Visitor: 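I'd like to ask you about the structure that follows.
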Amino acid sequence: GKDEEAAMLRDYITQLEYRDESNREGHAAKVYFNALFGMDFTRGEDSAINAALNYGYSLILSAFNREVAANGYLTQLGLFHNNMFNQFNLSCDLMEPFRVLVDRWVRENEYGIFEKEQKHHLLGLLNLYVRIDNNRQTVLNAVKIYVKSVFEALNDGDLSRIKFYQII
């Protein structure tokens, strides 16, 4: 039901420039989050929605940090993220496709407040089922499979080895 916004996002893809000099990523984020949470929503505001998004992203990031380290890689050395103050550049790169799971969970649960009970509820996100490598897996297992496949793809120079999840 968001055809206009989807068309705008597809158009932004064609306008991407090296190092995002035209700030298409910022424009796309505004269109995306407004489509999800309404035109009054601002990503930087102090709200239950932003608190839930931030908490959810931190849960996913933690799972990625664990898998990156378990595979013998440094979380600090990113592919695209390159911030000397970010200890998790590589994990931030790898987690990008999983952010939509958090966005969707927060949208569907419409948190009016975000306190301890809501944090515990949001943990359930990690146990959602997705499809990856032709199997039904929890998000936590999908992270493990995805990270391993990315490292194998990089080591072999074969990006077709990357295993992406699908929402089921």
Side-chain angles (χ1 to χ4, degrees), residues 1-68 75 78-132 137-143 146-147 150 162 164-168:
K2 303 286 183 182
D3 294 336
E4 184 179 332
E5 292 88 344
M8 289 176 70
L9 292 174
R10 278 191 295 275
D11 189 43
Y12 285 153
I13 291 171
T14 67
Q15 300 171 18
L16 288 175
E17 297 176 16
Y18 181 69
R19 297 191 187 244
D20 195 27
E21 291 182 11
S22 62
N23 194 30
R24 290 300 101 182
E25 184 178 358
H27 291 290
K30 182 165 180 50
V31 169
Y32 173 77
F33 283 111
N34 285 158
L36 276 180
F37 300 112
M39 294 304 291
D40 293 334
F41 179 77
T42 304
R43 186 65 181 96
E45 71 187 0
D46 185 16
S47 69
I49 292 171
N50 276 318
L53 290 171
N54 292 340
Y55 190 75
Y57 298 150
S58 72
L59 293 173
I60 296 288
L61 181 61
S62 294
F64 275 90
N65 286 335
R66 183 174 50 250
E67 292 307 318
V68 168
T75 59
L79 301 170
F80 298 102
H81 285 81
N82 183 20
N83 181 335
M84 63 190 260
F85 301 108
N86 181 358
Q87 295 297 305
F88 311 113
N89 286 308
L90 181 55
S91 301
C92 288
D93 286 330
L94 297 177
M95 75 174 272
E96 290 295 336
F98 285 73
R99 284 178 173 268
V100 68
L101 295 172
V102 175
D103 302 342
R104 187 177 206 185
W105 181 279
V106 172
R107 168 95 163 85
E108 289 174 356
N109 287 286
E110 298 180 7
Y111 295 113
I113 59 171
F114 196 72
E115 296 174 347
K116 185 178 180 179
E117 184 177 328
Q118 290 75 26
K119 288 179 182 179
H120 288 171
H121 180 259
L122 190 53
L123 277 167
L125 167 76
L126 300 174
N127 294 316
L128 282 179
Y129 284 99
V130 295
R131 182 159 304 285
I132 188 167
Q137 299 283 350
T138 64
V139 169
L140 278 177
N141 285 339
V143 167
Y146 169 73
V147 167
V150 169
I162 298 176
F164 291 99
Y165 75 91
Q166 295 174 318
I167 296 173
I168 53 176

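Starting from 1, each residue takes its place in the sequence as its number. The structure displayed is predicted, hence computed values, not measured ones.
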Visitor: Among residues at least two apart in sequence or on other chains, which ones pass ring-ring contact (aromatic ring centres under 6.0 Å, His included) with Phe37?
Guide: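 Checked Phe37 against ring-ring contact (aromatic ring centres under 6.0 Å, His included); matches are Phe41.
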
Visitor: Looking at side-chain heavy atoms only, is the closest gap between Val106 and Tyr111 below 4.5 Å?
Guide: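 SC-SC contact between Val106 and Tyr111 confirmed.
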
Visitor: Considering all heavy atoms of both residues, which atom of Leu53 and which atom of Val102 are nearest to each other, and what is their separation?
Guide: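 The pair with the smallest heavy-atom distance is O-CG1, 3.8 Å.
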
Visitor: Does any N or O in the side chain of Asn50 come within less than 3.5 Å of the main-chain N or O of Asp46, such that one atom is a donor and the other an acceptor?
Guide: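 No, the answer is negative, given that no donor and acceptor are paired below the 3.5 Å cut-off.
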
Visitor: Any donor-acceptor pair under 3.5 Å linking the side chain of Thr138 with the backbone of Asn141?
Guide: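 Yes; judged by distance alone, with no hydrogens or angles, the pair exists.
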
Visitor: Decide if atom CD of Gln15 counts as having more than 12 heavy atoms of other residues, nucleotides or ligands within a radius under 6.0 Å.
Guide: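 Yes, CD of Gln15 has more than 12 neighbouring heavy atoms, counting only those of other groups under 6.0 Å.
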
Visitor: For Asn54 and Arg43, test the side chains for any donor-to-acceptor distance below 3.5 angstrom and give the result as yes or no.
Guide: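 Side chains of Asn54 and Arg43: pair found under 3.5 Å.
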
Visitor: Do Ser91 and Asn65 have side-chain atoms, one donor and one acceptor, less than 3.5 Å apart?
Guide: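 Short answer, yes.
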
Visitor: Is a donor on one side and an acceptor on the other found under 3.5 Å between the side chain of Tyr165 and the backbone of Pro97?
Guide: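 Pair found, side chain donor or acceptor close to backbone of Pro97.
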
Visitor: Which heavy atom of Leu9 sits nearest a heavy atom of Ala28, and at what distance?
Guide: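 So the minimum-distance heavy-atom pair works out to CD2-O, 3.5 Å.
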
Visitor: For Tyr57, enumerate each residue passing the ring-ring contact (aromatic ring centres under 6.0 Å, His included) test, keeping only those at least two apart in sequence or located in another chain.
Guide: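 ring-ring contact (aromatic ring centres under 6.0 Å, His included) check on Tyr57 returns nothing, list empty.
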
Visitor: Would you indicate whether Glu117, at its atom CD, is surrounded by more than 12 heavy atoms from other residues, nucleotides or ligands within a distance under 6.0 Å?
Guide: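 Atom CD in Glu117 is not crowded, with 12 or fewer foreign heavy atoms closer than 6.0 Å.
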
Visitor: Considering only residues two or more places apart or on different chains, which pairs with a residue in residues 103-115 satisfy salt bridge (charged side-chain N to carboxylate O under 4.0 Å, His left out)?
Guide: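 Listed once each, the pairs are Arg104-Glu108.
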
Visitor: Centre-to-centre under 6.0 Å for Phe64 and Phe98, is that the case here?
Guide: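 Yes, they do, as the ring centres are separated by less than 6.0 Å.
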
Visitor: Does Glu4, at its CD atom, have more than 12 non-hydrogen atoms belonging to other residues, nucleotides or ligands within less than 6.0 Å?
Guide: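 Atom CD in Glu4 is not crowded, with 12 or fewer foreign heavy atoms closer than 6.0 Å.
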
Visitor: Examine Tyr55 together with Phe114 and report whether their ring centres are nearer than 6.0 Å.
Guide: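 They qualify: ring centres under 6.0 Å apart.
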
